[in-house]
Student: 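Shown below is the structure under consideration.
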Amino acid sequence: MSDLFKANYVNYKGEAILNGWGGPIAGVSPASHDKPVRAPSSTPKKVKNRDEASYSFGFLVTGYSPESIHKAQERCRKLGEVWDEAGWLKKTRPKRIRSKAYETQAGADACAELARKAGWLCVEIKEALKA
């Protein structure tokens, strides 16, 4: 390919506009690349402001089940250690009583009350918000 042809197909940065085989790209004319292309605006898209309350996924009820406490006590007994409930509560994460969140506060309150009666420790209700 001749240098004269290559010189006609040069963009505003001085780069040749050619395909992989050195020929012209279909639909590209030398005049179309004389001016620099306008850069996209740097302003972000507008997003509606939503308060935290609108992102609520419901209410989670968490606590420590009597079964998990019993298993931990058995483990300590087998190892010959003294059972330290306060230490165990500090290093163990509470479990969800129900995997799915309750839609209403009243439902979560009822579940928490039943869990306390069933022997669960440190029962708490937390609102699940979108992070």
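Since the structure is predicted, the reported quantities are computational estimates derived from the model, not experimental observations.
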Student: Donor-acceptor check, side chain of Tyr64 to backbone of Leu89, threshold 3.5 angstrom: yes or no?
Tutor: yes
Student: Please say which of Leu114, Thr62, Leu60, Val61 ends up in a side chain to side chain contact (heavy atoms under 4.5 Å, CB included) with Ile97.
Tutor: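 The passing option is Val61.
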Student: To check you understand the geometry: which heavy-atom pair defines the closest contact between Ala118 and Pro66, and what is its length?
Tutor: O-CG, 3.7 Å
Student: Report the C-alpha separation of Ser68 and Trp120 in whole Å, then their side-chain angles, then the decisive distance to 0.1 Å, and conclude whether the side-chain contact (heavy atoms from CB on, under 4.5 Å) test is met.
Tutor: CA-CA 10 Å; Ser68 62; Trp120 285 65; over 6 Å; no
Student: For the hydrophobic clusters of this structure (ILVMFWY residues joined by side-chain heavy atoms under 4.5 Å, transitively), does one cluster hold both Val123 and Leu121?
Tutor: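 Each belongs to a different hydrophobic cluster.
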Student: With sequence neighbours left out, which residue pairs that include part of residues 108-117 fulfil the side-chain hydrogen bond (donor to acceptor under 3.5 Å, both in side chains) condition?
Tutor: Gln105-Asp109
Student: Within this structure, what is the CH2-SG distance for the pair Trp83 and Cys76, rounded to the nearest 0.5 Å?
Tutor: 5.5 Å
Student: Would you call Arg77 and Glu74 a salt bridge, taking side-chain N to carboxylate O under 4.0 Å as the test?
Tutor: yes
Student: At what distance, to the nearest 0.5 angstrom, does CZ of Phe57 lie from CD of Glu127?
Tutor: 11.0 Å
